[in-house]
Amino acid sequence: MEKPLIGKKILIVEDEVVFRSLLDNFLISLGAQTMQAGDGLDGLTLLTAQAVDLVICDLEMPRMGGIQFVERIRSRGNSVPILIISATQNMADIAHVLRLGVQDVLLKPLRNLDRFREAVYECLYPSMFTSKVEEDEQLFQDWDALVSDPLAAAKLLKQLQPPVQQNIANCRINYRQLTMAEQPGLVLDIAALSDKDLAFYCLDVTRAGDNGVLAALLLRALFNGLLQEQLSGQKQRLPELNGLLRQVNMLLRQANLNGQFPLLVGYYHRQLKNLILVSAGLNATLHINTHQIQLSNGVPLGTMGSTHLNQISQRAESWQCHVWGAGGRLRLMLSAEE
């Protein structure tokens with residue numbers, strides 16, 4: 001049996017005994033040597049006595065919670081990779097630990113352990129994975145400065161835009177964008193989830209003032225993790241994107257980012273050749289061969305506590321999606337490689 005974590009020492013800091021034992025047994029089955037602590041104070045004691053390759057910790061714990069625990073680790077100059085697993089829905093807490101340089105944040109409940117295993121591998125073997133960790137660290141290393149300097153935030157957002165042509169998840173992707181010169185309009189992000197599937201979103205940042213750019217930066221940092229959580233909870237192979245957008249809507253409200261945030265999210269599975277599009281405030285037309293399918297815009301995120309979305313699902317080896325709103329127009333094109 002493959003033991004990819006042989007030689008790796010991992011510290012688990014978690015106050016829930018059953019969940020801690022579950023993680024411990026799973027990591028041991030992969031070959032890891034583990035240590036356990038019930039809170040941050042005990043975790044610091046163990047770290048002082050022995051170096052580890054990875055720390056896994058909760059945020060809400062007695063005596064010393066996860067945020068203070070991570071702060072103490074980093075204040076000592078310890079750069080050990082840290083993976084957070086927490087039930088928190090507080091965007092400020094998530095943003096804070098990302099600023100402290102944690103490698104990833106997973107949300108409880110973990111409905112299966114596949115996503116957890118992948119996150120552990122990415123923390124321990126970062127050179128083997130294409131991830132956005134470095135970009136996320138750049139984004140959150142001076143979040144307060146970005147909030148107080150809208151021009152700097154807009155500049156960073158522009159720098160993080162994807163290349164107009166690239167190969168992702170064995171698909172050829174390119175896009176064309178028409179927006180006001182030098183002004184953020186429709187913001188696009190595309191990322192591979194595996195070698196078989198990818199996700200993208202398009203956000204109109206023009207209807208929330210400076211909050212539009214800040215929302216785009218937060219969404220960029222957290223989108224992949226949120227979508228992976230949705231996928232891990234699905235027994236079928238395709239995600240339920242409505243739940244994802246409802247979660248994004250809640251996080252924007254908790255972050256006190258007020259305004260309207262028109263958003264379109266897409267998911268494409270190359271092997272199944274299935275595209276899912278869901279819109280909350282942006283118009284879109286899907287072109288497949290000679291067929292056109294209109295996706296009505298729905299209600300932008302941020303408008304109200306609940307979400308009113310429109311979703312379509314189509315099979316296609318290649319397609320074009322035209323998206324438009326107040327921030328401009330964008331055309332995204334994809335062709336699956338054989």
Can you tell me how far the [atom1] atom of [X] sits from the [atom2] atom of [Y], to the nearest 0.5 Å?
| X | Y | atom1 | atom2 | answer |
| --- | --- | --- | --- | --- |
| Leu332 | Leu330 | CG | CG | 6.5 Å |
| Leu275 | Glu317 | CG | CD | 13.5 Å |
| Leu30 | Ile10 | CG | CD1 | 8.0 Å |
| Leu23 | Ile28 | CG | CD1 | 11.0 Å |
| Ile168 | Ile173 | CD1 | CD1 | 4.5 Å |
| Tyr175 | Leu188 | OH | CG | 5.5 Å |

Steps toward side-chain contact (heavy atoms from CB on, under 4.5 Å) verdict (Gln103, Glu122)
CA-CA 8 Å; Gln103 270 54 45; Glu122 290 174 12; over 6 Å; no

Can you check side-chain contact (heavy atoms from CB on, under 4.5 Å) on Arg331 and Arg329, steps first, answer last?
CA-CA 7 Å; Arg331 181 171 65 177; Arg329 290 178 172 267; over 6 Å; no

When clusters are formed by joining ILVMFWY residues with side-chain heavy atoms under 4.5 Å apart, either directly or through shared neighbours, do Ile312 and Met333 land in the same one?
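Ile312 does not cluster with Met333.
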
If hydrophobic clusters are built from ILVMFWY residues whose side chains come within less than 4.5 Å, do Val299 and Trp324 share one?
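No; Trp324 is not reachable from Val299 via cluster members.
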
Minimal non-hydrogen separation, [X] against [Y], with atom names:
| X | Y | answer |
| --- | --- | --- |
| Met61 | Gly40 | CE-N, 4.0 Å |
| Ala37 | Gly43 | CB-N, 3.5 Å |
| Leu59 | Ser86 | CB-OG, 3.6 Å |
| Asn249 | Gly302 | OD1-N, 2.7 Å |
| Pro62 | Gly38 | CD-O, 4.4 Å |
| Leu106 | Ala119 | CD1-CB, 4.0 Å |

Under the side-chain hydrogen bond (donor to acceptor under 3.5 Å, both in side chains) test, which residues partner Asn274, sequence neighbours left out?
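side-chain hydrogen bond (donor to acceptor under 3.5 Å, both in side chains) check on Asn274 returns Ser313.
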
List the residues meeting side-chain hydrogen bond (donor to acceptor under 3.5 Å, both in side chains) with Thr34, not counting sequence neighbours, and say none if there are none.
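In terms of side-chain hydrogen bond (donor to acceptor under 3.5 Å, both in side chains), with neighbours along the sequence ignored, Thr34 is linked to Asp24.
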
Name every donor-acceptor pair, under 3.5 Å, that has one atom in a side chain of residues 68-80 and the other anywhere in the protein, sequence neighbours excluded.
unit_1: Glu71; atom_1: OE2; unit_2: His96; atom_2: NE2; d: 2.8
unit_1: Arg74; atom_1: NE; unit_2: Leu100; atom_2: O; d: 3.2
unit_1: Arg74; atom_1: NH1; unit_2: Asn78; atom_2: O; d: 2.7
unit_1: Arg74; atom_1: NH1; unit_2: Val80; atom_2: O; d: 3.0
unit_1: Arg74; atom_1: NH2; unit_2: Val80; atom_2: O; d: 3.0
unit_1: Arg74; atom_1: NH2; unit_2: Gly101; atom_2: O; d: 3.2
unit_1: Ser75; atom_1: OG; unit_2: Glu71; atom_2: O; d: 3.3
unit_1: Ser75; atom_1: OG; unit_2: Arg72; atom_2: O; d: 2.8
unit_1: Arg76; atom_1: NH1; unit_2: Thr48; atom_2: OG1; d: 3.2
unit_1: Asn78; atom_1: OD1; unit_2: Val80; atom_2: N; d: 2.9

Would the distance check show the side chain of [X] and the main-chain N or O of [Y] forming a donor-acceptor pair, the cut-off being under 3.5 Å?
| X | Y | result |
| --- | --- | --- |
| Asp204 | Ala326 | yes |
| Arg270 | Ala336 | no |
| Glu14 | Glu16 | yes |
| Tyr267 | Asp197 | no |

Those residues that, when tested against Asp42, pass salt bridge (Lys or Arg N to Asp or Glu O under 4.0 Å) (two or more places apart):
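For Asp42 the salt bridge (Lys or Arg N to Asp or Glu O under 4.0 Å) partners, ignoring immediate neighbours, are Arg63.
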
Under 3.5 Å donor-acceptor pairs involving side-chain atoms of residues 51-58, not counting sequence neighbours:
unit_1: Asp53; atom_1: OD2; unit_2: Lys9; atom_2: N; d: 2.8
unit_1: Asp58; atom_1: OD2; unit_2: Lys108; atom_2: NZ; d: 3.3

Side chains of Leu218 and Leu251 in contact at under 4.5 Å (non-hydrogen atoms):
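The answer is no; the side chains never approach within 4.5 Å.
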
Within-4.5 Å side-chain heavy-atom neighbours: Ile67 and Val97
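Yes, side chains in contact.
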
Side chain to side chain contact (heavy atoms under 4.5 Å, CB included) partners for [X], two or more places apart:
| X | value |
| --- | --- |
| Ala216 | Leu157, Val187, Leu203, Val205 |
| Ala208 | Asn211, Phe261 |
| Ser335 | Arg172, Ser318 |
| Ala169 | Ala192, Leu198 |

Glu60 atom CD, over 12 foreign heavy atoms within 6.0 Å
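Incorrect, the count does not exceed 12.
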
I'd like to know whether Val278 forms a side-chain contact (heavy atoms from CB on, under 4.5 Å) with Leu244, so could you lay out the CA-CA distance, the side-chain angles of the two residues, the decisive distance to 0.1 Å, and finally the verdict.
CA-CA 10 Å; Val278 58; Leu244 172 70; over 6 Å; no

Should the pair Asp104-Arg115 be classified as a salt bridge under the 4.0 Å nitrogen-to-oxygen rule?
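Result for this pair is yes, salt bridge flagged.
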
Check step by step if side-chain contact (heavy atoms from CB on, under 4.5 Å) holds for Val120 and Lys8.
CA-CA 11 Å; Val120 170; Lys8 299 297 183 181; over 6 Å; no

Less than 3.5 Å apart, which donor and acceptor atoms pair up between the side chains of residues 286-296 and the rest of the protein, not counting sequence neighbours?
unit_1: Gln294; atom_1: OE1; unit_2: Thr285; atom_2: OG1; d: 2.9
unit_1: Gln294; atom_1: NE2; unit_2: Ala284; atom_2: O; d: 3.3
unit_1: Ser296; atom_1: OG; unit_2: Asn310; atom_2: ND2; d: 3.0

